[in-house]
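Shown next, in structure tokens, is the structure this report addresses.
Any value given below was found using the heavy atoms of this structure, including those in side chains, with hydrogens, waters and symmetry copies removed. Within every chain, numbering begins at 1; the chains are lettered A, B, ... in the order of the sequence lines, protein sequences first and strands thereafter. Everything numeric here is computed off the predicted structure, so don't read it as measured data.
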Amino acid sequence: MRLRQEERNMSKTAQKPQHYDFKAIEAKWQQHWQKEKSYKVSENAEQKKYYLLEMFPYPSGRIHMGHVRNYSIGDVIARYKRMQGYNVLHPMGWDAFGLPAENAALKHGVHPAQWTYENISYMREQLKAMGLSYDWDREIATCHPEYYRWEQQVFLQLLEKGLVYRKKTTVNWCDDCATVLAREQVIDGCCWRCDQQVVPKNMYGWFLKITDYADELLEDLDQLNGWPEKVVTMQRNWIGKSQGLACDFPVEGDKEKIKIFTTRPDTIYGVTFMSLAVEHPLVDTLITGTEHEEPVRDFIKQTLLDKQRMAMDQEPEKHGVFTGKYCINPFNGDRVPIYVANFVLMEYGTGAVMAVPAHDQRDFEFARKYDLPIRPVVQPEEKLEGEQMDSAWEGDGVLADSANFNGLPSAEAKKAIIDHAEKKGFGQRHITYRLRDWGISRQRYWGAPIPVIHCDTCGAVPVPNEQLPVLLPGSQPPYGSSAPLHQQEDFYTVTCPQCGQDAQRETDTMDTFMESSWYFARYTSPRADAPLEKEAAQYWLAVDQYIGGVEHAILHLLYARFFTKLLRDLGYLGVDEPFTQLLTQGMVIKDGAKMSKSKGNVVDPHDLITQYGADTVRLFSLFAAPPERDLEWNAQGVEGSFRFLNRVYRLILANMDCFVASDEKKNNAVELGKLSQGDRQLHRKTHQTIQRVTESIETNFHFNTAISGVMELVNQVSAATGEGGKQPLDQTVLREALQTILFLLFPMVPHFCQELWQVTGHKKTLDHQQWPEYDTEAIKEDELTIVVQINGKVRSRLQVAADTDEEEIKQAALDDERIINFVDNKPVKKIIVVKGKLVNIVV
RNA sequence: GCCCGGAUGGCGGAACUGGUAGACGCAAGGGACUUAAAAUCCCUCGGUUCUUGUAACUGUGCGAGUUCGAUUCUCGCUCCGGGCACCA
């Protein structure tokens, strides 16, 4: 392989170039686009807008294949929509806060800012080298004070509205990153970033009340028809709404009550014990000073240890211990023994579960283990007997042994039982979510400072607006400037804005997901002297098409939806949902595995662009697979795409005459009736290709089939103009075909097509051309192939004129020599004729 | 365990609403051009069988079913990928 390349390079210098000069062409047009600011846009009420956005990158140093794919897909859509006359907003920027910058600072002694901005400059050039049609005037970097100061302002507004609060809780702590993680950032018990095991830790932190929006976030999922079902489902499950009964079980001989939540109030007469989480606050008072104290404490200690040690993917065996106390089932007055159990979660519901072993599998296992009664109260068709059951019945049924509720079906019983509890005052209708409030405090340096000052007398005081932004220290990199903020005395030593006494600045920074939660809105007015300019936001939002990896299905996309609603309620924007249409693209893989340094299978886009040019790389990444699927990188396939472009290049140059010979204005003034057979065929293929490409893009962005369509057209033009010596083609038809090829390919390989467009004598750029439309008359075939089947098997094919009627086709099929042979005088039972397609003869 | 996807030639992938399976590309083989190579162009290319044909049979993960006809619809499996997971 290597040898072959060297050989080619040698011969290249010796003889005339064997490929088009992509280097010169791409540089030329990139400069042109930059100089002309070809893709700069502004609000224009006259024109329909289209906001296209790809997820912005983290400036890690260089772009990778995932970026190439993501941005190639986006650019095709942007350019396509532009040709259709839309005012297209297509911005780019940098998700620039984050841990790698801090690590680099420690390792190389550069300030994170310097490291980040250098990476940005380099990667910006790489993106430009791909010929992506961004409005670079709108570029933003989230680490820039002009970005994060507005985030700080929004934070303070949310604080004022009571949507931000501080609390001490058990947080997920990653030792390696030395920071707190949100629940969503913990994957299988490990840090999403470094894979280190997460440990619980008690500390203060700032939280955003996303749970206040849980219902809306859930309900508005129904609006998201343009999102993959999969992502919607993932979000729905993540929010995890359940409805049921919240109910108090008084502790026997005590004034304490145990609060429980259940989605199955219909089973409440089947309660035979109560399970508490080991962390439940009541446990202490229940056991202190009793004979059960010691065993229970031992159990709790052991369970907490196990929890930490246990691999998260394994379900530990159910254990528990009796507390010696009883509570009372308020419905029937039963004495219910209280246990502490290892499978009850403090984080969900109330940390206490009414146990109904007959109708809950976990309770069932627990009951069998500790010999507790099993009392079925919801009877399916086949009657259950407690002693004989070998698993819980979790389905619906009819109530039994449930006092006044006997005979009611589950669904009705649920309502009736809740009503009863509400009337009697020991319980009420209740909704619980799996979703937790979003902890946004990070103990990091390279993030947006949380704009709060802690004062001994005034408490947590917001930084006054006129003092924003709270800047990160060390815009020049002095020694040690990359240390977290709590190690930087001159940063945190301040006076209280309210009372003027000595106070301390908050040293936590915000989770970087904060920045990516609203950047799409900031793009609409990136230099505004406010978080957003309302008119601009009004005009451009929502994002019409958003493109990115499915790995952000929960984290980023949920937070962005949440922020949209926050900004709406603060009066900045007028939409409920940020992204109308979502495309989640697959990964780029090599040899069946994700590209990674450790696997040594990384392909660097930079090398490829140097070797083949950006257009080839773009073309291949669009051609090799439909966008939503994983893309297997194949070096030989890239070669194939390169060959194709060269073929088109030669084809156009070889047929330059038709551009001169035919009048541009008369372009499509082709009279179908007057065309020769060959001209008619090419004309038809041209229009069929327009239809195919347009529909591929419109329905599902399947550029792979769009490209193969154009390839077919190229093949047909080659065959018609080649040395095969076909009759000379009508110059207008030929010109139309070649022009169509350039139009259809332009969004995918823009430099290439633009160059040829100019070479063939056009002054206006392709950016300003209309996307072609197909002529419904021209695409009609005048001859069709009809398949003739006998008992569903293809036995012959007929060529017939398109307007042949069914009777004639049927007769022709029966008269066909091969068919006569096959039918062999057997009685014909039935003949099915499908118009324009086939005849099936059943014998 | 539960919920989503997916499985088609040597490979990436096509196939509208149930109607010609394998478009397009890659790889492979053969040929033309060339002193030679590169580049380019042409031909062949799912499998099996033979009587080498406009041939027969077979073939879309496996097994049933519906239908004149199933890659496509239904049911039951297998494998692969992704998500969630003691959620009361």
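Nearest-nucleotide assignment on RNA chain B puts the 5′-proximal partner with A/Glu229, out of A/Glu229 and A/Gly640.
In this structure, B/U54 forms no base pair with any nucleotide, since neither Watson-Crick nor G-U wobble geometry is met with both distances under 3.5 Å. Remark: B/G19 base-pairs with B/C68; criterion is Watson-Crick or G-U wobble with both hydrogen-bond distances under 3.5 Å. Checking B/A7 for Watson-Crick or G-U wobble geometry (two distances, each under 3.5 Å) identifies B/U78 as its partner. Base-pair partner of B/C84: B/G1 (Watson-Crick or G-U wobble, both distances under 3.5 Å). In this entry B/U40 has B/A32 as its Watson-Crick or G-U wobble partner, both defining distances falling under 3.5 Å.
Of all non-hydrogen atoms in A/Lys414 and A/Thr263, the two that sit nearest each other are CE-O, 3.8 Å. Of all the heavy atoms in A/Asp816 and A/Ser796, the pair that sits closest is OD2-OG, 3.1 Å. Smallest separation of non-hydrogen atoms from A/Gln361 and A/Ala392: OE1-N, 2.9 Å. When all heavy atoms are compared, the tightest approach of A/Tyr433 to A/Tyr348 is O-CE1, 4.0 Å.
Of the candidates B/G13, B/A27, B/C68, B/A27 carries the atom nearest the A/Arg643 side chain, counting heavy atoms from C-beta on. For A/Tyr348, taking side-chain heavy atoms from C-beta onward, the closest of the listed nucleotides B/A88, B/A14, B/C86 is B/A88.
Between A/Phe620 and A/Phe642, a ring centre-to-centre spacing not shorter than 6.0 Å is recorded.
A sub-4.0 Å separation between OP1 or OP2 of B/C3 and a side-chain N or O of A/Asn237 is absent. Here A/Arg434 reaches the OP1 or OP2 of B/A85: one of its side-chain N or O atoms lies under 4.0 Å away.
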Polar atom pairs (N or O), protein with nucleotides 51-57 of chain B, under 3.5 Å:
from, atom 1, to, atom 2, distance (Å)
B/U54, O2', A/Arg818, NH1, 3.1
B/C57, OP1, A/Arg795, NH2, 3.2
B/C57, OP2, A/Arg795, NH1, 3.0

What does the list of N/O pairs under 3.5 Å between the protein and nucleotides 29-34 of chain B look like, with a distance for each?
none

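Within 90° of 0 lies the glycosidic angle of B/G9, which makes this nucleotide syn.
Residue A/Lys829 places no side-chain atom within donor-acceptor reach of the base of B/C68, judged by atom type and a 3.5 Å distance cut-off alone.
Between the A/His359 side chain and the A/Gly270 main chain, no donor and acceptor come within less than 3.5 Å of each other.
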Verdict with supporting geometry, A/Phe273 and A/Phe366, ring pair (Phe, Tyr, Trp, His ring centres under 6.0 Å): CA-CA 10 Å; A/Phe273 61 101; A/Phe366 194 87; 5.2 Å; yes
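A cation-pi arrangement is found for A/Arg795 relative to A/Phe822, the charged atom lying closer than 6.0 Å to the ring centre and inside a 45° cone about the ring normal.
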